[in-house]
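Take a look at the structure below.
Counting begins at 1 with the first residue of the sequence.
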Amino acid sequence: MRHHHLFRRLHRSLVPLAALPLLLTALSGSLYGALSAQGIEAFWLIKLHTGNFGALNLQPYYSTVLGVLTLFIAGSGIGLLLGRRSGKKHSPPPV
């Protein structure tokens, strides 16, 4: 049970770390598409979308890190969900 608890804590601590860049990427890509359809060029949104944050340029690593974090979070979430279901003892409903 201790291993399961540590795995859950790791999952819960990494979710916000993975969610922030995912949201930033989704929002910047969507906003760029909407603005370019209106004829507005917002190249800075593409820079954000690809991981270039001005002085901090993560473009060479951004998509790889984002993909690995996404796969880990999804896989660990599914693993925790399935582990809980298979390890759960079915007790009769209370009368």
Side-chain angles (χ1 to χ4, degrees):
M1 186 60 131
R2 182 82 177 137
H3 176 70
H4 183 73
H5 180 69
L6 290 174
F7 195 61
R8 184 185 319 213
R9 284 182 59 188
L10 177 63
H11 174 81
R12 285 183 180 174
S13 63
L14 286 178
V15 165
L17 181 68
L20 185 62
L22 275 173
L23 286 172
L24 179 65
T25 301
L27 289 174
S28 61
S30 298
L31 189 56
Y32 179 79
L35 290 176
S36 64
Q38 300 294 325
I40 301 170
E41 183 60 38
F43 187 68
W44 60 275
L45 281 171
I46 289 299
K47 286 186 172 188
L48 282 177
H49 184 74
T50 58
N52 186 347
F53 305 109
L56 183 62
N57 185 3
L58 300 175
Q59 281 181 320
Y61 318 106
Y62 191 68
S63 61
T64 303
V65 170
L66 195 59
V68 168
L69 277 173
T70 302
L71 289 174
F72 179 78
I73 295 303
S76 65
I78 291 169
L80 287 169
L81 180 65
L82 293 177
R84 186 179 74 194
R85 285 186 180 176
S86 66
K88 189 176 185 181
K89 303 238 188 246
H90 294 290
S91 59
V95 179

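- Scanning both residues, T25 and H49, for their nearest heavy atoms gives O-ND1, 2.8 Å.
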| field | side chain to side chain contact (heavy atoms under 4.5 Å, CB included) between L58 and F53, intermediate numbers included | value | CA-CA 7 Å; L58 300 175; F53 305 109; 3.9 Å; yes
| request: Check the pair H11 / V15 against side chain to side chain contact (heavy atoms under 4.5 Å, CB included), numbers first and verdict last. | output: CA-CA 6 Å; H11 174 81; V15 165; 3.7 Å; yes
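- In the hydrophobic clustering of this structure, L80 groups with L10; members are Ile, Leu, Val, Met, Phe, Trp, Tyr whose side-chain heavy atoms approach within less than 4.5 Å, directly or through other members.
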| request: Before giving the answer on side chain to side chain contact (heavy atoms under 4.5 Å, CB included), spell out for Y61 and V68 the whole-Å C-alpha distance, their side-chain angles and the decisive distance to 0.1 Å. | output: CA-CA 11 Å; Y61 318 106; V68 168; over 6 Å; no
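- Atom CG of L45 sits about 10.0 Å away from atom CG of L27, to the nearest 0.5 Å.
- Atom CG of L81 and atom OG of S76 lie 11.0 Å apart (nearest 0.5 Å).
- The nearest pair of heavy atoms linking S13 to P16 is O-CD, 3.6 Å.
- A continuous path of ILVMFWY side-chain contacts below 4.5 Å connects L56 to L48, so both sit in one hydrophobic cluster.
- Residues L17 and I73 are members of one and the same hydrophobic cluster, defined by side-chain heavy-atom contacts under 4.5 angstrom among Ile, Leu, Val, Met, Phe, Trp and Tyr.
- Counting heavy atoms from C-beta outward, Y32 and E41 have side chains that approach closer than 4.5 Å.
- Connection of L24 to F43 is established within a shared hydrophobic cluster, with ILVMFWY side chains joined at heavy-atom distances below 4.5 Å, either directly or through further cluster members.
- Criterion: ILVMFWY side-chain heavy atoms under 4.5 Å apart, direct or through other members. Under it, L31 and L66 are part of a common hydrophobic cluster.
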